[in-house]
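Quick notes on the structure that follows.
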Amino acid sequence: MTPSVLAGLTGAALVGLGLYGLILHPHPLRKLLAFNLIGSGVFLVFGIVARRGAAAGFRFDPVPQAMVITGIVVAFAASAIAVALILRLSMQSRNVTLDAEVWTRPNGGDAT
Amino acid sequence: MNELLLGAAGLIVLTVAVGLARILRGPTDVERLMAVQLLGTGGIAALLLIAYATNVPGVEDVALGLALLAPFATIAFINLLDADQGDAEI
Amino acid sequence: MSVLPVLDVVLASLVIGVALFTITARDLFASVVGYVAYGLLLAFVWIRLYAPDVALTEAAVGSGVTGVLLITAGKRLGALKNAAPEMRPGLSLKILTGVLATLVAGALGAAILMLPDPPPSLAPEAAAAASGAGAGLKNPITAVLMSYRSFDTMLEKIVLILAVVGVWSVGADKAWGGAPAPLRQSRPYAPMVLLAQTLAPVGVLIGIHIFWTGADAPGGAFQGGALLAAMWMVTMMARLAGPPRIDAQWLRMAMVAGPAVFLVTGLAGGVLAGSFFAYPPGIAKPVILAIEGFMVLSIATALPMLVAGPPSERPDQ
Amino acid sequence: MTTLLELFSVAAISVGAFFFFAGTVGLLRFPDSLTRLHALTKADNLGLGLVALGLLPRADNTLSALKLIVIWALVLLSGASTAQLIGRALRRGRK
């Protein structure tokens, strides 16, 4: 078990964990957190592709690593938009949940 | 000598990892905060030791960045606690 | 070198353990603390994958700034907590989701175990980019970002600006042009003021250092810009400075500067050096450093504005 | 001279690692939040400080040595002031 395979399997496990939280948590910020876990798991998989692609005198393949760097920043930008939308949604509706049942209840999403 | 540096790094990471149990056990959020801070400092120490033992370039700069960011999240958490407790008297 | 494999296993299990905690923790605060610790641990994993550039980005953006974003959001959301009680999902849904998540993770893990051998690599192309068009850049990652895949990097800056526009436009109509809500409501304590006043100047110095060494050593515009952004946020969190009004001319100019300069240089390359985004040989390195300087400015202003959120008060004039 | 420095380096790093160990034990075993905070600051200030001190003779150039010192100074500053802030948050008691 080389370090890169270990990191890759960790990434796979993170994707699984994140998916579980994303589906099950009714709280929108917890969903966002879970989504970020999935993202970093995918980044780790990129990381081991970079580590395995060592060639041309480098200890790593710089192309996937550069993509991960842009990826982290873009993921943060997306999270910021998600947070803004969540805050606005809860301000409008006074509901801090994404549970479908709450929203479809007769008096649930009243402020629309 | 390098082996010794790595050994020290391993020891520090292990102890700090055990300290992370405070995140699980709490009991209050302040304890969780302390565990994260210990992880940050221990991580910086381990990074420095690994940097000097393995000569991977740039690890020092990562440690520098981590040292700079160490109080960053803590300040935000303190602000949150203060907001929970109403306006502060100085 | 017998310590390192043990360290790797410890690190991997810690990452998974803390991730599990952030998913299962009962309250939001605990789970965000867990997420910050998780980001730190990931940074160490990236070091072990020989990716100090990524480690620095992950520590600054993935752990630090994202953590502050989530904490601030939780604080603002806390005022509304009185609404609907959280619904707990049923057992059957839990099992079903668990099976699905295990299947996805298992498939991904299997794919990782079956990765092609010998591995495909773009490293030779990146090496060519480092010694060719971006002549004299010893950091291959900066060469890839600024030369080999420069178009991506420029579009990524535009994404950042679009995100800021998106966040701003979520605010109330009547608040447009005003300043976002301050990151701290009450007056700060003296230790916090001292910390921010000492940390910020040192941090600005370190941020510029990391940007400057980025041409030849790990570091670069992203990492330097993120550290500068963090320092601006520290001053805002200690109430040394409030968030600026979003219609401030200098703010908008600073945010657009990075991609604008990048685009103009790219077009100029089309005229002077024969192809879009080609750098004229000989002066490639100074040109790249100049573009990166403006990118640092854009990142350092855009990230704090994303955390500060939409404008909240009616502009008073 | 070099062996003496080597010895100093090993001693400082070992004591630093010990302080991390002690800090962790304190964080886990001490009975209340304020005493745990006390243990944490020992690990922060002394542990990292001694490790940095031990690495100082091994630095290749002045820039590396300067970085070690700056890292220590930053952690001292942030450790001391966040300990104040955390302590105050604890003393006000509702958390």
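Lettering follows sequence order; numbering is per chain, from 1. Worth knowing before you read on, the calculation uses all heavy atoms, side chains too, and leaves out hydrogens, waters and symmetry mates.
- Using a 4.5 Å cut-off between heavy atoms, C/T24 contacts chain A through its backbone alone, with no side-chain atom that close.
- Here the side chains of A/V42 and C/L108 are not in contact, with every heavy-atom distance at 4.5 Å or above.
- Taking CD1 of A/I69 as the reference point, atom OG1 of C/T57 lies at 4.0 Å (rounded to 0.5 Å).
- Annotation for C/A101 and A/G16: closest pair CB-O, 3.2 Å, computed over non-hydrogen atoms.
- You'll find the side chain of C/P310 stays beyond 4.5 Å of the side chain of A/R88, heavy atoms only.
- More than 12 heavy atoms of other residues, nucleotides or ligands shown are found within 6.0 angstrom of CZ on C/F29.
- Of all the listed residues (C/G171, C/A73, C/A111, C/G309), the one sharing the greatest number of non-hydrogen pairs under 4.5 Å with chain A is C/A73.
- Only the side chain of C/F222 comes within contact range of chain A, with heavy atoms under 4.5 Å apart.
- Closest approach of C/V170 and A/A84 over heavy atoms only: CG1-O, 3.5 Å.
- The CG atom of C/L96 lies 8.5 Å from the CD1 atom of A/I23; values are rounded to the nearest 0.5 Å.
- At a 4.5 Å heavy-atom cutoff, the contact between A/A7 and chain C is made by side-chain atoms alone.
- Heavy-atom distances place both the backbone and the side chain of C/V167 under 4.5 Å from chain A.
- Heavy atoms of C/Q223 lying under 4.5 Å from chain A belong exclusively to its side chain.
- C/L70 is listed as a side-chain neighbour of A/L32, based on a closest heavy-atom distance under 4.5 Å.
- In terms of non-hydrogen atom pairs under 4.5 Å with chain A, the most contact-rich of C/G39, C/A60, C/A105, C/G62 is C/A105.
- In this structure, the side chains of A/F43 and C/V54 stay at 4.5 Å or more apart for every pair of heavy atoms.
- Using a 4.5 Å cut-off between heavy atoms, C/L42 contacts chain A through its side chain alone, with no backbone atom that close.
- Counting heavy-atom pairs under 4.5 Å between each of C/A25, C/G220, C/G106 and chain A puts C/A25 at the top.
- Side-chain N/O atoms of A/S40 and C/Y38 include a donor and acceptor closer than 3.5 Å.
- Your options are A/L37, A/V83, A/L19, A/L22, and the one with the most heavy-atom pairs under 4.5 Å with chain C is A/L37.
- With hydrogens and angles disregarded, no donor-acceptor distance shorter than 3.5 Å links the side chain of C/R76 to the backbone of A/L87.
- Considering all non-hydrogen atoms of both residues, C/G166 and A/I81 come closest at CA-CD1, 4.3 Å.
- Top candidate by heavy-atom pairs under 4.5 Å with chain A, chosen from C/V45, C/T72, C/V61, is C/V61.
- Closest approach of A/A13 and C/I16 over heavy atoms only: CB-CD1, 3.8 Å.
- In this structure, no portion of C/A226 lies under 4.5 Å from any heavy atom of chain A.
- Options A/V15, A/L17, A/V45 differ in how many heavy-atom pairs under 4.5 Å they form with chain C, and the most are formed by A/L17.
- Within the model, atoms CD of A/Q65 and CG of C/L49 stand 8.0 Å from one another, a figure rounded to the nearest 0.5 Å.
- Contact of C/I23 with chain A is made through backbone and side chain together, with heavy-atom distances under 4.5 Å.
- Of the two parts of C/A107, neither the backbone nor the side chain holds a non-hydrogen atom closer than 4.5 Å to a non-hydrogen atom of chain A.
- Within the 4.5 angstrom heavy-atom criterion, atoms from both the backbone and the side chain of A/V73 approach chain C.
- Looking at A/L14, only its side chain comes within 4.5 Å of chain C, counting heavy atoms on both sides.
- When each of C/L303, C/T153, C/V159 is checked for heavy-atom pairs under 4.5 Å with chain A, C/L303 comes out on top.
- Looking at A/T70 and C/D152, their side chains never come closer than 4.5 Å, going by heavy atoms from C-beta outward.
- With rounding to the nearest 0.5 Å, the separation of CD1 in A/I72 from OG in C/S63 is 11.0 Å.
- With a 4.5 angstrom heavy-atom cutoff, A/V74 touches chain C via backbone and side-chain atoms both.
- Nearest heavy-atom pair across C/I112 and A/G8 is CD1-O, 3.1 Å.
- The line from CG of A/L6 to CZ of C/R48 is 10.0 Å long, rounded to the nearest 0.5 Å.
- Contact annotation for C/T102: neither backbone nor side-chain heavy atoms come within less than 4.5 Å of a heavy atom of chain A.
- Neither the backbone nor the side chain of C/V164 comes within contact range of chain A; no heavy atoms are under 4.5 Å apart.
- Taking the side chain as every heavy atom from C-beta outward, A/H27 and C/D27 never approach each other to under 4.5 Å.
- Only the side chain of C/W46 has a heavy atom closer than 4.5 Å to any heavy atom of chain A.
- A/Y20 has its side chain out of reach of C/L100: every pair of non-hydrogen atoms, C-beta onward, lies at least 4.5 Å apart.
- Atoms CG and OG1, on C/L11 and A/T10 in that order, are 8.5 Å from each other to the nearest 0.5 Å.
- In this structure the side chain of C/D53 never reaches within 4.5 angstrom of the side chain of A/V68, judged on heavy atoms.
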